There are 2 protein chains.
Amino acid sequence: MPLLSDVARAAGVSKATASRALSGAEGVSPATRERVERIAAELGFRASGAARRLATGKTRTIGVLTPSVDRWYFGSVLHGIAHAADIHEHDVLLYDLGAFGHGGHEKFERFMRRGEVDGLITITWSLVGGDLSRLAELGIPVATVGEPTPHTRSFSLDDDAAGTQAAEHLVALGHTDLLHIASETEVQPFDASSSDRRKRAFEAVSARHGLRMRPVRTVPTSLEGAHAVARELLDRPDRPTGIVAGTDEVALGVVLAAHQLRIRVPEELSVIGVDDVPAATAFGLTTIRQDPAQHGEDVVDWIMAALAEPRGAEPDRSHTAYAPELVVRSSTAPPA
Amino acid sequence: MPLLSDVARAAGVSKATASRALSGAEGVSPATRERVERIAAELGFRASGAARRLATGKTRTIGVLTPSVDRWYFGSVLHGIAHAADIHEHDVLLYDLGAFGHGGHEKFERFMRRGEVDGLITITWSLVGGDLSRLAELGIPVATVGEPTPHTRSFSLDDDAAGTQAAEHLVALGHTDLLHIASETEVQPFDASSSDRRKRAFEAVSARHGLRMRPVRTVPTSLEGAHAVARELLDRPDRPTGIVAGTDEVALGVVLAAHQLRIRVPEELSVIGVDDVPAATAFGLTTIRQDPAQHGEDVVDWIMAALAEPRGAEPDRSHTAYAPELVVRSSTAPPA
DNA sequence: CTGAAAGCGCTTACAG
DNA sequence: CTGAAAGCGCTTACAG
């Protein structure tokens, strides 16, 4: 593995000049720059990241704290992050905290002890407010994707609008007897979660239109969890004509249960979700679309911009709310 | 941020001794060690990773090259990797290559240029043989999970056994007219892919039992892809009595299509998959289980062991095949 | 058991 | 435009 000094010697310049030529710094004659670059390429020179880090104080790495990587939302955000980070020539260091109470906090502490990154992204639900504010004091740009938070810059779907759109869609079709199935929030104080925002929006729509008020059901955030509850719920004579699910996973569990119970969707039951997961198409699920990969790209772009700003500037803690988009498929129709 | 020299001064020892005390090296009196540790804790000392890297040549980081993070298999492997890496106090650097031909190769090259890791894991399908052998020459432990490969140490489900078990299960139930739906392999030479191994195993079982020979169908690796094909396939009068799907995603697409076509599963159609994804339970899918998170943990353990070995030892390129496990649910039954 | 010193491989004021 | 030198913050032979 050739060193910078090898390149410098072969090019007949000092290490300083070689370094400048390679880094693209100005104040190097075009001729030397070209020569150094050529020789570096010939020798297959790669600057030592460790040395560069030590000298510059920059890691060219961004950290991601996430409670999960094997669920659609988190995976998609991560995908967007990785893509954008790559474009900015930054690496991504992954901290999979796992479920809270299952060692997640311990892993968080380990990150605080060892993590060396220029910027940090937390994908929501992984952290309680106290931890989030500790991160905000790290002196590096920190942002959250998935939920609004007062502690850091944040990006998320406009959950109020999403919940409203979903309920209004069914109301517009003529439904008056709706049930909301919310998906469980594990960590956040419930009243701050996207789940709760969607729920409240549903309740507001119900109240506004004078719909029958059924108590909201809460299920584990998974197709299985929703499915188990839906099997029991849909098998009753007084089932609603429409279900507004907090997420597509929940909605899919409901549709599956309906299929198994031979309840026709949408003729006998309308179902709407939020997310637009890939499987939604095959299920014909009407849903409110969001694009987590885009959120991931945006949060990285913000971090890069924050990194470019002069140190000590007042930290930006604003929130970006993405507008939801109704996607009508075949799981919703006027009530029979 | 306190430095090692601050700790040393406060403890009244040299930096050398402070370093030894903190790193747990031997040859430090218990008294000094304890004092140094206490003072380091009081001061909130965290050693600079960059400086340590430069001095030791170790990054305490392992790299993961994956074609995707938002699909169950990859996400689960990654989860296992992150967990095990954390236990070994190593960081994980994520390279999401994305689909091949969509900039994946370019991202791979960028990794080759900048990636500084002590060990490397590639999750299959992301790399062609040529790239894999370049990695193997990197001088660090390299392993692949998801498919056997001659270029590196590898870990994967025993696909032959999985394919055999799936087909034999339906044969044992009395089926004689089966169709295999394989899931598409994007990158690997097809004859090396797990998809192809499962397919061949299916064909061998068919031949052995003299079953009707239907040409194998290949569909995109997704519920949607399988669903589209299955809708058309199942709507014909001469449909098979059982379907052996290459993966659960494909199997789920088939079951969904059956539901929509009002074909009863398992009465009119048996379906079996491979994976045991979380949604399999709700669908009642009979499947062949594998545990990718475990594979991820194992591969990290192997990397750690390889790291502990003396440099220059002959690289281990053996393969670990995990035994499949049949999980019978309600999607399979004797033919009508 | 402990310390002084060299070294890891870059970058960047400072001079010229 | 270029170079000599200091410095980033640790670890680790080498001496004692």
Side-chain angles (χ1 to χ4, degrees), chain A residues 1-37 39-40 43-61 89 91 113-118 139-140 307 311, chain B residues 1-37 39-40 43-61 89 91 113-118 139-140 307 311:
Chain A
M1 196 97 292
L3 303 178
L4 181 64
S5 50
D6 298 320
V7 175
R9 190 175 326 109
V13 296
S14 67
K15 284 185 348 186
T17 299
S19 174
R20 288 187 199 106
L22 260 17
S23 72
E26 46 191 39
V28 180
S29 81
T32 18
R33 160 156 295 143
E34 195 205 315
R35 184 156 33 95
V36 171
E37 281 173 345
I39 291 178
L43 265 42
F45 170 73
R46 302 188 337 173
S48 151
R52 184 183 299 188
R53 281 177 186 215
L54 189 56
T56 63
K58 301 278 162 229
T59 62
R60 298 193 73 82
T61 297
E89 301 258 330
D91 283 331
R113 229 171 320 118
R114 300 193 309 121
E116 292 190 312
V117 293
D118 291 345
I140 58 175
L307 248 21
R311 286 289 269 201
Chain B
M1 196 97 292
L3 302 180
L4 180 65
S5 50
D6 298 321
V7 175
R9 189 175 326 107
V13 295
S14 68
K15 283 184 346 184
T17 298
S19 174
R20 289 189 198 104
L22 261 17
S23 73
E26 44 191 38
V28 181
S29 80
T32 17
R33 160 158 294 144
E34 195 207 313
R35 185 157 31 96
V36 172
E37 281 174 345
I39 291 177
L43 265 41
F45 169 73
R46 300 187 339 173
S48 150
R52 184 183 298 187
R53 282 178 184 212
L54 189 56
T56 64
K58 301 278 162 229
T59 62
R60 299 192 74 80
T61 297
E89 300 257 331
D91 283 331
R113 228 172 320 119
R114 299 196 306 123
E116 291 189 317
V117 295
D118 292 345
I140 58 175
L307 249 20
R311 286 290 270 198

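Everything numeric in this text was worked out from a predicted model, so none of it was measured. Below, all heavy atoms of this structure are taken into account, side chains as well, without hydrogens, waters or symmetry copies.
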message: Suppose we define a pair by two distances each less than 3.5 Å, Watson-Crick or G-U wobble; what does C:dG16 pair with here?
response: D:dC1

query: Start at the 5' end of DNA chain C and walk down; is the nucleotide closest to B:Ala51 or to B:Gly27 reached first?
result: B:Gly27

message: Do A:Asp118 and A:Thr59 pair up side chain to side chain, a donor and an acceptor below 3.5 Å, judged on atom types alone?
response: yes

task: Mind calculating the distance between CZ (B:Arg9) and C1' (D:dG9) to the nearest angstrom?
output: 13 Å

message: Without decimals, in angstroms, what is the distance between B:Arg20 CZ and C:dA4 P?
response: 11 Å

task: Rounded off to whole Å, could you give me the CG-to-P distance for the B:Leu54 and C:dG9 pair?
output: 7 Å

- prompt: Does A:Ser5 have a side-chain nitrogen or oxygen under 4.0 Å from the phosphate oxygens OP1 or OP2 of C:dG9?
  reply: no

field: Below 4.0 Å: OP1/OP2 of D:dG3 and any side-chain N or O of A:Ser14
entry: yes

- prompt: Tell me: CZ of A:Arg53 to P of D:dG9, nearest whole Å?
  reply: 15 Å

- prompt: Between atom CD in B:Glu26 and atom C1' in C:dC1, what is the gap in whole Å?
  reply: 12 Å

message: Is there a side-chain contact between B:Thr17 and the phosphate of C:dG3, meaning an N or O under 4.0 Å from OP1 or OP2?
response: yes

statement: Ranking B:Ala55 and A:Val13 by the position along DNA chain D of their nearest nucleotide, the one closer to 5' is A:Val13

- line: Taken to the nearest 0.5 Å, the spacing of B:Lys15 NZ from B:Arg9 CZ works out to 10.5 Å

- request: Measure the distance from CG on A:Leu4 to P on D:dA5 and round it to the nearest whole Å.
  value: 17 Å

query: At under 4.0 Å between heavy atoms, what does B:Ser23 touch on the DNA or RNA strands: base, sugar-phosphate, or nothing?
result: nothing

query: With nearest nucleotides of DNA chain C determined for B:Ala16 and B:Thr56 from heavy-atom distances, which residue corresponds to the more 5′ nucleotide?
result: B:Ala16

query: Quick one: does A:Thr61's side chain get under 4.5 Å of A:Arg53's, heavy atoms only?
result: yes

- prompt: Using a cut-off of less than 4.0 Å, is there contact between a side-chain N or O of B:Ser19 and OP1 or OP2 of D:dT11?
  reply: yes

- line: Atom NZ of B:Lys58 and atom P of D:dG9 are separated, to the nearest Å, by 24 Å

- prompt: Given the C1' atoms of D:dT12 and D:dG16, what is the spacing between them in whole Å?
  reply: 16 Å

- request: Flag the pair B:Val28 / B:Val36 as yes when at least one side-chain heavy-atom distance between them is below 4.5 Å, and no otherwise.
  value: no

task: Answer whether the closest heavy-atom distance between the side chains of A:Arg35 and A:Val13 falls below 4.5 Å.
output: yes

query: Whole-Å distance between C:dC8 P and A:Asp6 CG?
result: 12 Å

